[in-house]
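Working notes, beginning with the structure itself.
These numbers come from a predicted model, not from an experiment. Within every chain, numbering begins at 1; the chains are lettered A, B, ... in the order of the sequence lines, protein sequences first and strands thereafter.
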2 protein chains.
Amino acid sequence: MNKAQMLTNNCATCNLKFAGFDTMDNEQLSVFKESHCRVEYKKGETIIKQGARCSNLVCIKSGYVKMHVEGLGGRSVIIKVLKPGDFIISPGIFDDNRNHFSASAITDVNTCLISIDAFSKVFHTNHKFAESILKHNHQLMQALYHQLINLSHKKMTGRVADTLLYLSGEVYQSNVFYTTLSRQDMADLSSVSKESLIRILKDFKESGIILVEGNQFKIQASTTLQKISQAG
Amino acid sequence: MNKAQMLTNNCATCNLKFAGFDTMDNEQLSVFKESHCRVEYKKGETIIKQGARCSNLVCIKSGYVKMHVEGLGGRSVIIKVLKPGDFIISPGIFDDNRNHFSASAITDVNTCLISIDAFSKVFHTNHKFAESILKHNHQLMQALYHQLINLSHKKMTGRVADTLLYLSGEVYQSNVFYTTLSRQDMADLSSVSKESLIRILKDFKESGIILVEGNQFKIQASTTLQKISQAG
DNA sequence: TTTAGCCATTGACAAAAATCAATAGATTTA
DNA sequence: TAAATCTATTGATTTTTGTCAATGGCTAAA
């Protein structure tokens with residue numbers, strides 16, 4: 001994403017791959033455009049807070065965001081790591097109007113916020129847009145089913161292998177990546193304790209499956225990782 | 001539900017609390033009515049098969065259904081137990097057209113099946129209906145978030161307590177209930193092994209928290225169960 | 001009725017994973 | 001720069017949980 005694209009204030013020419021953008025006519029695009037506001041978050045800042053009223057559709061123009069559910073005793077589970085082009089629709093929108101998860105910046109992040117009102121207006125006037133939103137939802141749900149299976153049937157090594165494959169395959173889209181996720185974050189993403197995560201990374205490193213140096217990762221044997229993941 | 005209501009063939013007078021029914025006009029109702037077909041399943045039968053093409057919106061007129069995701073090595077997780085009045089929209093509908101979970105009858109079940117085409121037609125012409133579908137989806141998703149937290153942060157006793165509270169509170173809606181779920185099913189609902197589930201039920205029974213006699217349950221100290229659930 | 005098969009239960013044991021404690025490294029703040 | 005703070009790492013230990021094996025009961029089929 002270059003600077004010129006990032007700074008565009010026109011939804012019609014926005015580079016975001018926002019599902020449903022292409023179903024919108026000029027009038028609908030201008031509803032979005034008028035409601036939008038650009039906000040920058042610093043690394044560590046909370047973008048969406050679980051329990052608070054949900055007021056925006058959040059589009060990520062640049063940077064990375066972790067989506068997490070806060071549980072008992074300060075612990076949390078990371079559901080998903082979002083990258084540029086992704087967006088967040090809080091599942092409370094047509095329901096109790098509350099956020100049911102939090103989202104925090106794990107790098108500096110540029111966002112474009114669309115008001116719920118504008119979203120709702122377009123949802124109600126453009127059925128193709130509505131369909132694409134439902135589709136987006138369903139995909140999220142499928143990911144949750146997958147995660148549920150992982151949690152209940154796989155042991156730690158399999159879950160950590162999954163996390164590594166997820167980060168390299170879907171988030172950073174490269175076998176070599178630098179992550180701003182802490183070890184605790186990676187543990188929350190795998191649902192293991194921080195110590196266990198570290199031990200497993202060490203094992204993988206010693207077996208030559210991955211290369212780790214601080215937060216710099218290289219997946220060397222992704223087929224082996226896949227086997228570990230499959231074996232549970 | 002009495003026989004007369006159950007046998008009604010008219011969507012306008014259907015007693016199902018199907019979200020969005022009240023947003024439909026006569027024309028839309030007749031789209032549903034024309035596409036519908038009534039099917040009876042015997043206990044144990046598969047209603048929706050994971051991986052197969054999804055072709056219907058399934059409304060449950062009577063009986064109970066388990067919604068489960070099949071994982072590795074024949075093991076599965078039960079996501080939800082559905083009761084009369086509930087319905088299932090497969091999350092593949094506007095996406096890959098595949099079912100991402102299975103649904104099986106745990107009693108004899110009466111269903112009303114609406115074709116995807118009819119569903120899609122009404123979804124596209126009635127934005128209030130669309131909104132209620134999205135809302136339904138979001139509620140399902142919130143339940144999944146909750147389950148994710150349970151799985152990753154609670155230990156077995158807390159999860160089994162949750163299962164008992166769920167069955168009595170949401171499914172059978174009574175402190176006293178008879179379930180057709182097997183011990184293995186209850187274990188899959190709690191994500192523990194069958195043996196562990198049995199041991200914990202025994203503990204609860206010996207502590208006087210519940211009364212169990214085969215598949216007949218009575219919750220005697222629901223506050224205690226809630227505390228166990230909260231404690232993790 | 002008898003046999004076979006499935007489900008529930010129990011005990012013993014092994015594996016898996018979390019917790020606790022201590023240390024080292026890195027980074028921020030005074 | 002030094003102190004303070006936070007994160008990462010490692011080892012030792014305990015807790016949690018699953019697996020295996022054996023048994024009894026109930027049901028369904030021959």
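When rounded to the nearest whole Å, the span between CD of Glu213(B) and C1' of dT9(C) equals 14 Å.
Pairing each heavy atom of Ile228(A) with each of Ala161(A), the nearest pair is CG2-CB, 4.0 Å. What you find for Glu70(B) and Ser76(B) is that their closest heavy atoms are CA-CB, 3.9 Å. Residue Thr157(B) comes nearest to Phe204(B) through the heavy atom pair O-CZ, 3.8 Å, listed as atom of the first residue, atom of the second, then distance. For the residue pair Ile116(A) and Cys54(A), the shortest heavy atom distance occurs at CG1-O, 3.8 Å. When every heavy atom of His100(A) is checked against every heavy atom of Ser90(A), the shortest pair comes out as N-OG, 4.3 Å. For the residue pair Leu181(B) and Thr179(B), the shortest heavy atom distance occurs at N-OG1, 3.1 Å.
Inter-residue side-chain proximity for Val65(A) and Ile106(A) is flagged as unmet; no heavy-atom pair is nearer than 4.5 Å.
Among His153(A), Lys154(A), Gln147(A), the single residue meeting the side-chain hydrogen bond (donor to acceptor under 3.5 Å, both in side chains) criterion with Asn150(A) is Lys154(A). Of the residues listed (Asp162(A), Val160(A), Thr163(A)), the one engaging Leu189(A) in a side chain to side chain contact (heavy atoms under 4.5 Å, CB included) is Thr163(A), and it is the only one.
Taking the side chain to side chain contact (heavy atoms under 4.5 Å, CB included) definition, one finds that Ala52(A) meets it with Lys49(A), Asn99(A), sequence neighbours left out.
Interface limits on DNA chain D: the 5'-most and 3'-most nucleotides within less than 4.0 Å of chain B heavy atoms are dT16(D) to dC20(D).
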*Lys61(A) and Thr111(A): side-chain contact (heavy atoms from CB on, under 4.5 Å), yes or no, with the steps?*
CA-CA 5 Å; Lys61(A) 302 273 291 181; Thr111(A) 63; 5.9 Å; no

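At a threshold of 4.0 angstrom between heavy atoms, the contacts of Ser182(A) are confined to the sugar-phosphate backbone, with no base atom among them.
For the ring pair (Phe, Tyr, Trp, His ring centres under 6.0 Å) condition, the pairs that include at least one residue of residues 38-72 of chain A, sequence neighbours left out, are Tyr64(A)-Tyr172(A).
Taking the six-membered ring wherever Trp is involved, the centroid distance between the rings of Phe217(A) and Tyr178(A) does not fall below 6.0 Å.
Contacts between residues 151-161 of chain B and DNA chain D, counted as heavy-atom distances below 4.0 Å, involve Lys155(B), Met156(B). Contacts between residues 194-202 of chain B and DNA chain D, defined by a heavy-atom separation below 4.0 Å, involve Glu195(B), Ser196(B), Arg199(B), listed by number.
Each end of the helix from dT1(C)-dA30(D) to dA30(C)-dT1(D) gets its own axis from five base pairs, and the two axes differ in direction by 40°, given to 10 degrees.
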